[in-house]
Amino acid sequence: MSTMQFSLLMMFMLTLMGLSLHRTHLVSALLCIEGMMLALFTTFTMIFFTLQTSTLATIPIMLLAFSACEAATGLALLVATSRTHGNDHLKNLSLLQC
């Protein structure tokens, strides 16, 4: 395993641990998800660059487009949550409350 692969794997694992352990604010959860998507994008780009396959070259671009859609949806939910609840604490968000 090269140092680049190890760095990307550790980046993904650290953001996954950050998402699972430090769930206090919606902003921190969104940043961890964006870090995971960035690690996946870089990994896919590196893999397809080393394989030199032109048929799979669109997969990292599609992943980046889905990541942008996820970021826009997350920010819209963040704005809506902060307007209705006054903060972005995840403990205040419950599906059972109206």
Side-chain angles (χ1 to χ4, degrees):
M1 181 180 291
S2 69
T3 55
M4 184 68 173
Q5 291 173 342
F6 181 73
S7 300
L8 291 172
L9 178 66
M10 291 312 299
M11 179 181 171
F12 185 80
M13 294 305 256
L14 284 174
T15 55
L16 186 63
M17 280 182 19
L19 182 63
S20 62
L21 296 178
H22 303 290
R23 293 180 292 160
T24 55
H25 294 283
L26 184 59
V27 173
S28 63
L30 289 174
L31 281 175
C32 289
I33 292 172
E34 286 300 316
M36 290 169 51
M37 293 301 280
L38 180 64
L40 283 176
F41 172 73
T42 310
T43 304
F44 282 161
T45 304
M46 186 177 68
I47 288 172
F48 295 140
F49 182 70
T50 57
L51 293 177
Q52 295 182 354
T53 56
S54 62
T55 57
L56 300 174
T58 59
I59 291 176
I61 302 300
M62 288 176 26
L63 181 70
L64 198 61
F66 286 130
S67 175
C69 294
E70 175 263 329
T73 305
L75 287 176
L77 286 173
L78 176 69
V79 168
T81 301
S82 63
R83 282 186 181 173
T84 57
H85 297 290
N87 57 17
D88 67 334
H89 291 266
L90 289 177
K91 67 179 180 176
N92 293 340
L93 301 177
S94 176
L95 294 175
L96 300 176
Q97 295 175 350
C98 292

For this session: Name all pairs fulfilling the side-chain hydrogen bond (donor to acceptor under 3.5 Å, both in side chains) condition that reach into residues 41-50, sequence neighbours left out, sorted by first residue then second.
Result: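 Checked against side-chain hydrogen bond (donor to acceptor under 3.5 Å, both in side chains) - neighbours excluded - no pair reaches residues 41-50.
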Problem set entry | Co-members of the apolar cluster containing Leu8 [side chain, <4.5 Å] |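 Met4, Met46, all in the cluster of Leu8.
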For this session: Is it possible for you to say whether Phe44 and Leu9 belong to one hydrophobic cluster, with membership spreading through side-chain heavy-atom contacts below 4.5 Å?
Result: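 Yes, it is one cluster - the side chains of Phe44 and Leu9 are joined through contacts under 4.5 Å.
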Problem set entry | Closest non-hydrogen atom pair, Ser82 against Val79 |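 The answer is OG-O, 3.0 Å.
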Problem set entry | CG on Leu75 to CG on Leu26, rounded to 0.5 Å |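 Those atoms lie 9.0 Å apart.
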Side-chain atoms of residues 27-38: list all donor-acceptor pairs with protein atoms under 3.5 Å, sequence neighbours left out, distances to 0.1 Å.
residue	atom	partner	partner atom	Å
Ser28	OG	His25	O	2.8
Glu34	OE1	Ser67	OG	3.4

Just distance, no hydrogens or angles: give the donor-acceptor pairs under 3.5 Å from side chains in residues 11-19, sequence neighbours left out.
residue	atom	partner	partner atom	Å
Thr15	OG1	Met11	O	3.0
Thr15	OG1	Phe12	O	2.9

For this session: List for me each residue that meets side-chain contact (heavy atoms from CB on, under 4.5 Å) alongside Ile61, sequence neighbours excluded, and say none if there are none.
Result: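 Once residues adjacent in sequence are excluded, Ile61 has no partner under the side-chain contact (heavy atoms from CB on, under 4.5 Å) criterion.
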Problem set entry | Residues which pass side-chain contact (heavy atoms from CB on, under 4.5 Å) with Leu56, listed by chain and number, not counting sequence neighbours |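 By the side-chain contact (heavy atoms from CB on, under 4.5 Å) rule, Leu56 matches Phe48, Thr53, Ile59.
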